[in-house]
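Here is the structure we will look at.
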Amino acid sequence: MKRASILAVGNVKGGVGKTTLAVNLAIWQSLHGKDVLLVDGDEQGTARAFTQLRADILGAPGYTAVSLQGAEIRTQLRMLRTKYQSVIVDVGGRDTASLRAALTVVDMLIVPVLPATFDMWSLKPLDDLIQEAKEINSDLRVLALLNAADAQGRDNAEAAMIIGEKAGLEYFPHPIIRRKAFRNAAAAGLSVLEYRPSDEKAISEFTLFADRVFRYTGDIASISHAHRKESGPKDKEQRQAS
Ligand SMILES: Nc1ncnc2c1ncn2[C@@H]1O[C@H](COP(=O)(O)OP(=O)(O)O)[C@@H](O)[C@H]1O
Ligand SMILES: [Mg+2]
């Protein structure tokens, strides 16, 4: 049976770029010819609203979007993953019930983090949640990255160090910088890849990130669960990193 990998974008903090990354990842997959499901797990419905705007502007968004919250995220995702080639979940900010439910079924959690003090403090409860989830979902991968970061500055290095200290989080060492193109694109119902005039820096930062994410999830779609346990992408990536 077909079984898409599920990618979630989540954090216990709001305003960190969850929806921005989730919709850009969904469109990336759609542009690469995948049949994509975008799940809006936030009761505020921003990903759905974006998708509606996109449909109004382009005629069709290029992917399917649904809203799911709380425990339904878990039960529905188990079925929906057999019907799509790629599933991306924008997990809400405040509702940890949705985040907990998502963490039990997803293959990878992406954690956008703003390099700011309060956001760093929220990493501890998030890390606890992740450790707990890994007891049920032992294959869960968690990739944290700095989003809306300053182009340069000590903050990024400090934030990277704090993320690196969290046992449940793997740090993706290429921050996505705060760039107007992300906002402008969203307001136009577009991904940063489609928005014109194109912001090449924003595109290349996002591409580096999406490549890494889908190199991983592309792998797991094609290899068996048992194989993944012994010599899965985790080991492979660790070998590449060392
Ligand atoms: N890399 C970025 N550069 C500039 N603005 C960004 C970036 N990422 C997100 N934003 C903006 O920050 C705000 C919050 O992002 P959003 O994706 O809605 O966060 P969340 O879903 O975590 O609440 C939005 O206005 C969005 O356009
Ligand atoms: Mg959001």
Side-chain angles (χ1 to χ4, degrees), residues 5 7-11 13-42 44-65 85-93 108-116 119 143-153 155-156 159-160 171-218:
S5 55
L7 194 79
V9 188
N11 190 331
K13 286 279 292 188
V16 295
K18 294 183 299 292
T19 305
T20 302
L21 295 184
V23 303
N24 275 279
L25 289 168
I27 295 168
W28 166 281
Q29 285 288 70
S30 155
L31 294 174
H32 284 80
K34 303 276 186 192
D35 188 11
V36 184
L37 177 69
L38 174 66
V39 175
D40 191 338
D42 193 335
Q44 289 182 9
T46 315
R48 287 288 298 280
F50 168 84
T51 305
Q52 189 51 51
L53 171 68
R54 182 172 171 83
D56 291 344
I57 290 170
L58 299 180
Y63 57 84
T64 303
Q85 292 173 308
S86 182
V87 179
I88 292 158
V89 189
D90 175 8
V91 186
M108 186 184 242
L109 175 72
I110 293 176
V111 182
V113 179
L114 300 183
D119 291 78
L143 196 62
L145 82 161
L146 296 178
N147 180 44
D150 289 336
Q152 51 219 358
D155 278 6
N156 294 0
Y171 178 61
F172 179 69
H174 308 284
I176 293 181
I177 306 303
R178 180 178 297 278
R179 299 194 189 280
K180 263 203 179 126
F182 284 99
R183 278 171 202 270
N184 292 344
L190 299 173
S191 70
V192 78
L193 306 160
E194 302 161 305
Y195 182 73
R196 296 294 178 269
S198 58
D199 179 334
E200 294 304 332
K201 286 182 177 160
I203 292 174
S204 74
E205 283 157 15
F206 181 73
T207 297
L208 196 62
F209 163 68
D211 260 349
R212 162 66 185 270
V213 165
F214 292 120
R215 182 156 44 84
Y216 170 70
T217 59

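Start at 1 with the first residue, then count along the sequence. Being a predicted model, the structure only gives us computed values, none of them experimental.
Between atom CZ of residue Phe206 and atom CG of residue Leu25 there is a gap of 4.0 Å, rounded to the nearest 0.5 Å. The line from OG of Ser191 to CD of Gln29 is 12.5 Å long, rounded to the nearest 0.5 Å. Expressed to the nearest 0.5 Å, how far CG of Asn24 lies from OG1 of Thr207 amounts to 10.0 Å. Between the CG atom of Asn147 and the CD1 atom of Ile176 there is a distance of 5.5 Å, given to the nearest 0.5 Å. Separating the CD1 atom in Ile177 from the NZ atom in Lys201 is a distance of 9.5 Å, to the nearest 0.5 Å. The CZ atom of Arg183 sits 8.0 Å away from atom OG1 of Thr20, with the distance rounded to the nearest 0.5 Å.
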Report task. Just do the side chain to side chain contact (heavy atoms under 4.5 Å, CB included) check on Phe172 and Val213 with the steps written out, would you? Result -> CA-CA 10 Å; Phe172 179 69; Val213 165; over 6 Å; no
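The shortest distance between side-chain heavy atoms of Asn184 and Tyr195 falls below 4.5 Å. Side-chain contact between Leu143 and Arg212: present, with at least one pair of heavy atoms (C-beta onward) separated by less than 4.5 Å. Put simply, the side chain of Arg54 reaches to within 4.5 Å of the side chain of Leu190, judged on heavy atoms. Looking at heavy atoms from C-beta onward, Asp90 lies out of side-chain contact with Val23 at the 4.5 angstrom threshold. Using a 4.5 Å heavy-atom threshold, the side chains of Pro115 and Asp150 count as separate.
Nearest heavy atoms, Leu38 versus Ala22: CD1-O, 4.1 Å. For the pair Ala188 and Ile57, the tightest heavy-atom approach, listed with the atom from each and the gap, is O-CD1, 3.1 Å. For Ala159 against Leu146, the heavy-atom pair with the smallest separation is CB-CD2, 3.7 Å. Summarising the geometry of Asp119 relative to Leu114, their closest heavy-atom pair is CB-O, 3.3 Å, with the distance given to 0.1 Å. Counting all heavy atoms, side chain and backbone alike, Pro112 lies closest to Gly10 at CD-O, 3.7 Å. Nearest heavy-atom pair across Asn11 and Lys18 is N-CD, 3.5 Å.
The closest donor-acceptor contact from the side chain of Ser30 to the backbone of Gly62 lies under 3.5 Å. Formation of a donor-acceptor pair under 3.5 Å by the Asp199 side chain with backbone atoms of Lys180 is not found in this model.
With sequence neighbours left out, Gln52 forms a side-chain hydrogen bond (donor to acceptor under 3.5 Å, both in side chains) with Asp56. Every residue meeting the side-chain hydrogen bond (donor to acceptor under 3.5 Å, both in side chains) condition with Glu205, not counting sequence neighbours, appears here in chain and number order: Arg179.
For the residue pair Tyr63 and Thr51, a side-chain donor N or O sits within less than 3.5 Å of a side-chain acceptor on the partner.
Aromatic ring orientation, Trp28 versus Phe214: parallel (interplanar angle below 30°, classes split at 30° and 60°).
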